[in-house]
Protein chains: 2
Amino acid sequence: MATAKPQSAPERQRDREATMRLLIDAVGRVLARQGFREVKVNVVAREAGINKVLIYRYFGGLDGLVAAFAHNGDFWPDLDELTGGDREAFLALPLVERLVVATRNYMRGIRRRPLTQEILAWRFLEHNALTEALDSVRQSVGMQIMALVRSGLAVPPNLDIAALYAILGGTINHLSVRERTEETFAGLPLDDEATWERLEVMLARIIRSVLGNED
Amino acid sequence: MATAKPQSAPERQRDREATMRLLIDAVGRVLARQGFREVKVNVVAREAGINKVLIYRYFGGLDGLVAAFAHNGDFWPDLDELTGGDREAFLALPLVERLVVATRNYMRGIRRRPLTQEILAWRFLEHNALTEALDSVRQSVGMQIMALVRSGLAVPPNLDIAALYAILGGTINHLSVRERTEETFAGLPLDDEATWERLEVMLARIIRSVLGNED
DNA sequence: GGTATGTGTCACCGGTCGGTTACTTTGTCA
DNA sequence: TGACAAAGTAACCGACCGGTGACACATACC
């Protein structure tokens, strides 16, 4: 007869901002701990300790939540990181060495970010707000670093610099993503730091060879 | 009271071999059409028009079925394909050109096999009988082609050939997998055949530069 | 005949998925 | 005080998931 009295839950503090924060953080934790395949409404809500209805109410669904997460993280090396922090010193280098430095720092930057590796793998499967956001940032940074590498210097005319970039970036992305789940590639132990030094050396050698042979 | 008479189904031909064949083929179709994420017991069984119980009975589960599928396909370029078919002509080439040819044919071989690209992406997520089978074949072919490339010739002593292989293979794998779901990478239109020719040219250039600079 | 065996079908199980509805509780403001 | 919006909860929905048990039926073999 009497009205139902569910009132079992501890009743959080009714703070929308804090709740949204909890949900966004939970995305990062699930992503880091269990991988992108576990980034689901029920799982994230449980992780956050928040009722999943609020994901729909505040973010319009999981996509919106993931988008909010995307705008909130440091998923990509920025210009300073790619150049090594000292912009002047970077610009003092010749074209070839600029590219060597930027490539090396790019690889280190990706490997330093497990979440980015996770998202890179995610992108192989599907597009979503997170991978789109990541891509837009990468594209932006990519354009900037390309401009910075060649700024003030003449690029060899018959060099397909875009193809070279694609090959270098593709390799780094592939090996970084692969490192998550496999311990070797082409016989190289990816779990050994020495392997990555060898790869750095070879990438530098490739760049110097290709650009050095220019006339 | 009377015994139930379900007897509604049309009763297939009671041919175990044929049924297994249907299931294995269904895996390939689902994989090609919907991707590895849809390779599930219910989906494959429905695709084959076979009751899913038989997947468990005949293959012990989805893993066994996938393993059977793995032993049944042409997922990787073999030695003939990598060398261009004419082994003698291949061996008549110098080391550098052997590597150029093998790399080019490797890339073409991967791009020619959509299922292989799908499996490569799958491997970023998890190991299973299919990805293991693919890996073992690749590793085997990889060893053989490496041996063939250098057979009878001297490899420059201070060249980290394994690292070079990893970089070349990593690039090709990455771009091929990426082609499935994205139309550009690093500003290059992956859906344009001209892009792939540019990449072939650049890969050849890299190889010639790196190996040509040897003393 | 009879019976065991292999082949195939159907119906169900517990669990999870994304998503929605209906509700209570809290705080604010008139 | 009372109305009302915002914050949060619980319960439910249909669909699908992997997996199993019980049964019908055809055949082969004794």
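Convention: sequence-line order gives letters A, B, ...; per-chain numbering from 1. Side chains are part of it too, since the values below use all heavy atoms of this structure and drop only hydrogens, waters and symmetry mates.
Between B:T19 and C:dT7, a side-chain N or O to OP1/OP2 separation shorter than 4.0 Å is absent. Close to C:dC17, at under 4.0 Å from its OP1 or OP2, lies no side-chain N or O of A:R37.
Heavy atoms of other residues, nucleotides or ligands lying less than 6.0 angstrom from CD of B:E183 number 12 at most.
For A:Y58, the side-chain atoms get nearest to D:dA7 when compared with the rest of C:dC17, C:dT9, D:dA7. Listed nucleotides D:dG19, D:dA11, C:dG8 differ in distance to A:K52; the shortest reach to its side chain belongs to D:dA11. Side chain of B:V53, nearest nucleotide from C:dT20, D:dT20, C:dG8: D:dT20. Ranking C:dT20, C:dC17, D:dG8 by closeness to the A:N42 side chain, first place goes to C:dC17.
Residue A:N51 places a side-chain atom within donor-acceptor reach of the base of D:dA10, judged by atom type and a 3.5 Å distance cut-off alone. Judged by distance alone, with hydrogens and angles left aside, B:R14 brings no side-chain donor or acceptor close enough to the base of D:dT27 to form a pair under 3.5 Å. Between the side chain of B:R16 and the base of C:dG6, no donor-acceptor pair of N or O atoms lies under 3.5 Å. Interface remark: the A:K40 side chain does not form any donor-acceptor pair with the C:dG18 base, using a distance-only criterion of under 3.5 Å.
Distance, A:I55 CD1 to C:dC17 P: 12 Å, rounded to whole Å.
A donor-acceptor contact shorter than 3.5 Å is absent between the side chain of A:T116 and the backbone of A:I110.
Note on ring orientation: taking the six-membered ring where Trp is involved, the planes of A:H174 and B:F124 are perpendicular (angle over 60°, cut-offs 30° and 60°).
With rounding to the nearest 0.5 angstrom, the CZ atom of A:R113 is 13.5 Å from the CZ atom of A:R108.
Between its two ends, the helix from C:dG1-D:dC30 to C:dA30-D:dT1 turns its axis by 30°, counting five pairs per end and rounding to 10 degrees.
Using a 4.0 Å heavy-atom distance criterion, A:V43 is classed as a sugar-phosphate-only contact.
Place A:R57 and A:R46 on DNA chain C by their nearest nucleotides, and A:R46 ends up nearer the 5' end.
For the pair B:R111 and B:W196, the cation sits on the ring face: its NZ or CZ lies under 6.0 Å from the ring centre, inside 45° of the axis.
A salt bridge between A:K40 and A:E38 is present, with a side-chain N of the basic residue lying under 4.0 Å from a carboxylate O of the acidic one. Remark: B:E81 engages B:R112 in a salt bridge, criterion side-chain N to carboxylate O under 4.0 Å.
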